[in-house]
Amino acid sequence: MTKLRRLLLLLAVFAMIAAGCGSDGGDSDSASTDDGATDESAEDDAMAEDDDAMAEDDAMAEDDGEGHSGGAADVIAAFIYIGPPGDAGWTFAHDEGRKAAEAATGATTLFIENVPEGTEDFANAARDFIENEGANLIVGTSFGYMDDMETLAGEYPDVVFEHISGFKSNDSNFGNTFGRMYEPRYLSGMAAASVSETGQLGYVAAFPIPEVIRGINAFTLGARAVNPDATVEVNWTATWFDPPVEGNSAQALIDAGADVIAMHQDSTAAGEVAEAAGVRWVSYNSDMSAFAPEAFVTAPVWDWGPRYTALIEAVGDGSYTPGGYWGGLSDGVVDLAPLADDVPADVAGQIDDLKGQIVDGSFHPFAGPVNDQDGNEVIADGETPDDGSLLGMDYFVEGVIGSAAG
Amino acid sequence: MKRPVLVRRDRVLPGSQAFAFVAGLVVALLFGAILLIASGHDPIEVYGRMWSSSFGSTNGLGRTFNRAVPLALAGLAVAIAGTMGLWNIGAEGQILAGALGAAWVARIGETWSSPALITAMLVAGTIAGLVWALGPALAKAGLGVNEIITTLMLNEVAVRVVRYLLNGAWKDPASLNFPVAPKLPEAARLPGLFGRAHLGVVIALVVIALVAVVVNRSAWGYELRIAGSSGPAAAYAGISLKRKILTVLLVSGAIAGLGGAIELTGNAERITEGISNGYGFAGIIVAALALMRPWAIPAVAVVFGAVQVGGSSIQTLGVPASVADILQALILAGALIAGVLMAYRVRWVSTRAQDPSGDGLEAVAGV
C-alpha cells in the first residue's frame, strides 16, 4: 500500500514536471480548441470499437474449471499476501509455510504479493487464480480480505477459501485460521523483563485491534511475572509494514527510557534501531536474530507449514470442513524462538516449564486475577477468559502505558 | 564540453500526442520484454495475459473500466485545476472525503429505496469532496497560500478522520472490536452495467463530457483557460482571478469527491482507510498524460487502468510483484517521456553558452 503510493507519488511528481513542459507546448498551439473537438469524436469511435470487441469475446470468458478430485497432489493452492515475502516478517512466515506445505503434499502452490485491502485487487487476483490457473484453495493472509472472501466463497462453491486472522466463515467452503500468539508473547515478555535493567519496556505496535492488544497484554503479564514493577510503553505506528515509521517509533520509545523493544510489526526496522542504540529487542513473526544479533532476545514466531499442509490435505481428500481454527503452542502453529544466551538460567527454566504447562493446558497466560490499566479487576482470581472475550479484547492490562484506543 | 538542453519545437507535429503515447508504450514494452526474459518469463505469454485480463474479455474489460473510473475522475479533478495552472495534489484526500460523505448517507438512509439512497450518496460524496477543497481554495484565493502544500497535507487529515471514525463512532458492533465500519446495505450498491463493470462508468463519462463542454465551449471555461495561460492578462481583461481560483478548486474537489462516492457504492463492501488506493496521485499522472484536456482523460484513464489491472494479473502467472511494478512504471514513464519529446527536442550546447532559447530544462524544472 505505502509502497504503491510512493511509486505513484514519484511518478506523479515526474508527471507534474512533464506537464509543465507539455502545457507550454499546448499554449503555443493556437488552434488547440478545434483540434480538441475533432480528436474528441475520434476518441468516441475508439471507445465504441472497444465495446464491439468485448461483445465478441464474451464466449472466451467462460471458465473451463473442472473439479479437482484426486489427492493432495492435485490441489492448486493460491496464496494472496498483503506484503512481500521478502519482509522477513508476516508474509515471509506465510510464504515459508506455503513452501513447506508444497514440499509435504506435492500440491501446486501459487502466490501474489502486495495486494491492498479494500480494493478490487483481491477479488481480481482470486478470480485469476481460479479461472486461469484452476486454483481450488484460496488462502488470504490479511484481515481486510474477509468481505471479499465471503462473497467469492458464495460465487465459487467448489473452491475452498481460508482466511487468516478473521472471524467469519460459512458452513461449506469458507473458514478462518489463526494462532494463539498470546501464548509465546507471554513467554517473550518474561525473557524481555529478565534482560531489562530499568524495567521499562517499549512496544512498537501497528493498529489497536484485539489481536495486537491481546499480544501487548500477554507480553506485559509475562514481563510482570518476572519483574512485578515492569512497565510496557506502547507506541502506535498505524502501519503493518513501513520500516522508517517502525524505526522512528522504536527510537521514540528508546528515547523515553525503554531498554527492551518488543513489536507487533512486519519489518526488522525496530531491531536495527535497537541494535544501533545498544538496547535489546524482541522480534516477531520469525526468528530475526540475524538482523540484530546483539539486540535480539527472542521472538514469538509463526509456523504455518503444518496448518497449510493439513488444509491442502483436507481439500485434496474432500474432508475440508470450515470453521474457526485457533491453534496454539500445542499445535505448533506458534512458537518461541531460541533465547539469547544472557537470559538468566532460572528465567529460561521457568519459560520452559510454563511452555510445557501451556501445551498441556495447565497454565493460561490470562488466568486471573488480571487488572486493567486503571486497576479494575477484569478477570477474577481463578478464572480464565473464554475465546470470545480474548478475540474481542479492547483494554490494556495493568503495567501498560498508552491508550488501547490508538 | 557539451551538455543537453531541451528546446521547444517550433511547430508541434500533427497528431503528435497520440503518436507519442503509442510510441512510448511500444518502447516501454520492448524494455519490459528484456526485463521479463532476464527474469525467466516468456514476454509473449505475460503480455498476452496482460491483454486478456484487461481488454480481451468481458470481465477483464469490466475490471479495467471500473479501475478507470476513479482514475479518470481524479485525473479530471487535477486537469480542471491544471487548466488554470493550479495543482490539486489533494484528490487522494478528496476521494476519501467523498467516500466518507457517501458512507455517512448510507448510515442514515438504510431504509431508503435504492435509487434514492445511491443518488443521495453520490450527491453527498460530491459535496464532501468540495468541502475538503474549501480550505485550500479559500486560502489560495484570499491569501495566495500555495495550494500544492495545503491540498497535499489535507490528504493525511482525511486518512486520520476515517481512522478516527472507524475506531470509534462508526465501528461495526459485530466486528469483535476490529476497527471496521459495518457493511453497506444492499440498496447502496451501484447497479451493474456489463460483466463486472458498474454504472459508475457511465456517470464518469457524463461528468467528463460535461466538464469538457464547459471548459471548451463556455465563457467560464474560456476565462479559465485565459487565466491559466496568463494571470495578468486575464486580470486586465476584467476576469476575477480570485473567484476563478475559488470555483475551480471547489469544482476540482467535488469531482474527486464524486469519484470517492462511486468507488464506495460501486466497488467497496464498506468504507476503509485504503479506499482511495493512490487514485488521487495516479490522477496527476492521468491529467499530465491527457495534457490537462478533459476529452483526453477517458482514454488515458482506461489505458492506465488496464496497466494496473494487467500488472496485477500477471503476478498470478508467477511474475514477481517487483517486475510487474517496474513494467507498470516503465509503461507510464515511457508515455510521459515520449510526450515531452514530442513538444521538445534535445540540443547539445556548449557548457559556456547560455541556454539559447531561454526556456530549456532549467526553466522547465522551475515550474
Side-chain angles (χ1 to χ4, degrees), chain A residues 1 4-5 7-9 11-12 14-29 33 36-37 39-40 43 46-47 50 54 57-58 60-61 84 110 112-114 116-121 124-125 128-129 132-133 143-144 147 167 207-210 238 391-394 405-406, chain B residues 6 8-9 12 53 55-59 61 63 66-67 82 87 163 167-168 176-179 183 212 216 229 267-270 272 274-275 277-278 281-282 284-285 287-289 291-293 295-296 298-299 309 312-313 315-316 318 321 325 329 332-333 336 339-340 343-344 359 364-365 367:
Chain A
M1 173 69 198
L4 173 80
R5 282 174 60 169
L7 181 72
L8 284 172
L9 193 56
L11 276 167
F14 183 50
M16 287 169 71
I17 295 167
C21 317
S23 63
D24 280 355
D27 292 339
S28 67
D29 175 7
T33 324
D39 280 354
E40 187 172 8
E43 211 69 61
M47 298 282 277
D50 275 350
M54 123 217 136
D57 286 347
D58 255 349
M60 272 178 56
L110 310 161
I112 180 171
E113 57 190 281
N114 286 332
E117 301 175 335
T119 69
E120 277 193 310
D121 292 3
N124 287 346
D128 277 341
F129 279 131
N132 297 324
E133 314 299 333
F143 176 78
D147 297 327
F167 55 81
F207 291 97
I209 63 173
L391 286 168
M393 192 170 272
D394 64 348
Chain B
L6 287 179
R8 188 190 292 159
R9 289 182 190 279
V12 177
S53 66
F55 287 116
S57 65
T58 314
N59 286 337
L61 206 60
R63 288 181 188 181
N66 283 356
R67 178 53 60 96
W87 284 107
R163 188 177 299 158
N167 276 296
L176 289 177
N177 249 324
F178 279 91
K183 260 190 171 181
N216 290 327
S229 47
N267 277 337
E269 306 260 357
R270 55 181 101 208
T272 60
I275 194 165
N277 196 25
F281 299 125
I284 300 167
I285 308 170
L289 284 170
L291 293 183
M292 305 293 162
R293 285 167 197 172
W295 53 262
V309 167
S312 166
S313 185
Q315 283 192 61
T316 63
D325 282 351
L332 297 172
L336 278 171
V340 173
Y344 287 78
D359 66 346
V364 168
V367 167

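The sequence lines fix the lettering, A, B, ..., with proteins before strands; numbering per chain opens at 1.
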Closest heavy-atom contact between [X] and [Y]?
X         : Y         : result
Trp295(B) : Ala212(B) : N-CB, 4.3 Å
Ala321(B) : Gln315(B) : CB-OE1, 3.3 Å
Val309(B) : Ser53(B)  : CG1-O, 3.6 Å
Arg270(B) : Lys183(B) : NH2-CG, 3.7 Å

Exercise. For the candidates Ile209(A), Asp147(A), Ile112(A), which exhibits the highest count of non-hydrogen atom pairs separated by less than 4.5 Å from chain B?
Worked result: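 Of the candidates given, the most pairs with chain B belong to Asp147(A).
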For this session: Counting only heavy atoms closer than 4.5 Å, note whether Thr316(B) contacts chain A via side chain, backbone, both or neither.
Result: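 When you check distances to chain A, atoms from both the backbone and side chain of Thr316(B) fall under 4.5 Å.
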For this session: Look at Gly318(B), Ser313(B), Pro179(B) and state which one has the largest set of heavy-atom pairs under 4.5 Å with chain A.
Result: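 When all of Gly318(B), Ser313(B), Pro179(B) are compared, Ser313(B) has the most.
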